[in-house]
Amino acid sequence: MPRNFFVVLPVAEVARRLAAFAPLPSETASLTDPRGLEGRVLAADVIAGDDVPLTSRSGMDGYAVQAADVFGASEGNPVYLALTGRIAVDRPADFSLEPGRCAAIVTGGTLPDGADAVVMMEHSAELADGQNGEPLVEIRRPVAPGMHVLRRGDDAREGRPALRSGVLLRPQEIGLLAACGARGVSVRARPRVGILSTGDEVIPVSADPRPGQVRDVNSHALAAICREAGAEPRLLGIVPDDLEAIAVALREHLADVDVLLLSGGSSVGARDFTVAALERLPDAEIFCHGVALSPGKPLILARVGQKCVWGLPGQVASAQVVMFVLGTPFLRHLAGRSDAFDQNLWPARRAVLSRNMASKQGREDYLRVRLEAPADPEPTGGLPLAVPVPGLSGLLRTLLDAQGLVRIDADLEGLEQGSVVDVLLL
């Protein structure tokens, strides 16, 4: 038996050791990549080739004005300006705006020289010809300089970084990339995750189980978690409870992935061979066998060269909780997220615990809960109730019925009914 067998590590220490893995190298990706850029991390600054917007543009349908001309305008004391011309959306004006004049403009139209603000259409009215035969516009609201104007370079300046290295690409960042004409950008590679299920009792989902057999739930659930984390999962099949077969599978698949997940075989039973199989690899270093986490204690983590092998519990709820707490942050870390292990960024909702819950000191408990509206909202201050979902870690139902997890610190013996808790949303 290995000397570090179930030397249980705190969750924070396991996260620290996982964070020591280097992020994956960069690659060039296109805005038209069918896999999308959402969730990827920039590996280099994106320099704007032009100002964005390229000109100062109107943010409203209305009239381009000099703000000083409409100072003090009101419903009872409107200002009247001569209409100089009308500005199309697709080309700049061929005139400059002089004091006492305005120009009709549509949303997106380029402001003429001399204009510094736009009066909304709703706060104006075009009138019959004035004294010189020119149309007049009645202005009933004042505007400040820059009001309703998208100024040149507000989004990005030519020759300057539009987006910095390390930025997470969300839809809004991708929109700016498009505005800058960034056809290809340098991003961190997506982690390639191989997923192996182990166990003589595990059969493909297409098979009909006999008594004692179970379908391969973990491969598909883990793949879904990996995809949500921005990784590329690869289902590698099922390996029987055989030391040589597991060792062969490790050697065969490690070359083609960045992370390898083995589900099952991580505990201390007679048929749990993951540790022994890893020890057959010449450059393997097992740096965790046991984490102070419930559910999910029998976790194995090993470094093989620059790659990480995870021996996950076979119990379905345990494997998923480990991935939510440690696996997802690790995959995001590999993909370049500098804040990947910051639990404060896990989407959460405040709630009130519906009953007392005991916990064993020395481990972090992740209590599965569902959110319910209280019969009387006054005692909870309008917060929902966090109702524990009981059940063993081998049952899927405990996660199916839960909307989130409540973390109980390792130094606590539990939480009392009525405690305000953060429900980490699933």
Side-chain angles (χ1 to χ4, degrees), residues 2-24 41 166 168 191 193 222 225-226 228-231 258-259 261 266-267 274-275 285-303 306-313 315 317-350 353 357-369 386 393 404-415 419-426:
R3 286 172 295 174
N4 63 341
F5 212 78
F6 268 146
V7 178
V8 176
L9 298 175
V11 173
E13 174 60 19
V14 175
R16 186 189 69 80
R17 297 185 184 192
L18 288 169
F21 282 80
L24 296 175
V41 175
L168 174 69
V193 183
L222 295 174
I225 293 172
C226 291
E228 286 189 347
D258 303 302
V259 181
L261 306 181
S266 65
S267 191
T274 301
V275 167
E285 173 201 353
I286 297 171
F287 62 89
C288 171
H289 191 186
V291 59
L293 172 67
S294 177
K297 178 181 176 182
L299 170 67
I300 298 167
L301 293 170
R303 179 190 286 271
Q306 299 303 312
K307 301 181 180 185
C308 192
V309 178
W310 293 59
L312 293 165
Q315 300 281 47
S318 296
Q320 290 183 44
V321 168
V322 169
M323 287 299 294
F324 290 137
V325 176
L326 290 167
T328 291
F330 177 64
L331 294 177
R332 289 174 176 165
H333 165 74
L334 289 184
R337 292 280 297 272
S338 60
D339 57 358
F341 287 99
D342 186 351
Q343 279 207 342
N344 293 322
L345 298 180
W346 192 333
R349 184 174 180 185
R350 302 284 274 177
L353 194 61
M357 289 300 301
S359 177
K360 184 178 179 180
Q361 279 188 306
R363 73 181 185 193
E364 287 185 19
D365 271 347
Y366 282 81
L367 179 68
R368 286 146 279 175
V369 300
S393 58
L405 304 172
V406 171
R407 177 178 176 269
I408 304 179
D409 288 340
D411 58 352
L412 298 179
E413 294 184 348
L415 294 173
S419 298
V420 177
V421 294
D422 287 321
V423 177
L424 307 173
L425 300 176
L426 296 175

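None of the values given here were measured: they were computed from a predicted structure.
For Y366 against L424, the heavy-atom pair with the smallest separation is CE2-CD1, 4.1 Å. Contact record, Q361 with L412: CG-O, 3.4 Å, taken as the closest heavy-atom pair. Heavy atoms only, all atoms of each residue included: C288 and V14 are closest at SG-CG2, 4.0 Å. Residues L331 and C226 share a closest heavy-atom pair of CD1-SG, 3.9 Å.
With respect to the salt-bridge test (charged N to carboxylate O, under 4.0 angstrom), the residues D258 and K307 do not qualify.
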Stepwise, does the side chain to side chain contact (heavy atoms under 4.5 Å, CB included) test hold for W310 with L18? CA-CA 11 Å; W310 293 59; L18 288 169; 3.7 Å; yes
Could you walk me through whether D339 and L168 pass the side chain to side chain contact (heavy atoms under 4.5 Å, CB included) check? CA-CA 10 Å; D339 57 358; L168 174 69; over 6 Å; no
Run R368 and L405 through side chain to side chain contact (heavy atoms under 4.5 Å, CB included) and show every step you take. CA-CA 5 Å; R368 286 146 279 175; L405 304 172; 3.5 Å; yes
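Distance check, rounded to the nearest 0.5 Å: CZ of R349 to CG of D422 gives 12.0 Å. Summarising the geometry, atom CG belonging to L426 is positioned 6.5 Å from atom CH2 belonging to W346; distances are rounded to the nearest 0.5 Å. Here CG of L301 is found 9.5 Å from CZ of R17. Values are rounded to the nearest 0.5 Å. Atom CD1 of I300 and atom OG1 of T274 lie 4.5 Å apart (nearest 0.5 Å). For the atom pair CE of M323 and CG of L299, the computed distance is 10.0 Å after rounding to the nearest 0.5 Å.
Under the 3.5 Å distance criterion, the side-chain polar atoms of D365 are left unmatched by any main-chain donor or acceptor of L367. No donor-acceptor distance shorter than 3.5 angstrom exists from the side chain of E413 to the backbone of S359, with no hydrogens or angles considered. Proximity of a side-chain donor or acceptor of H333 to a complementary backbone N or O of A340 within less than 3.5 Å is not detected.
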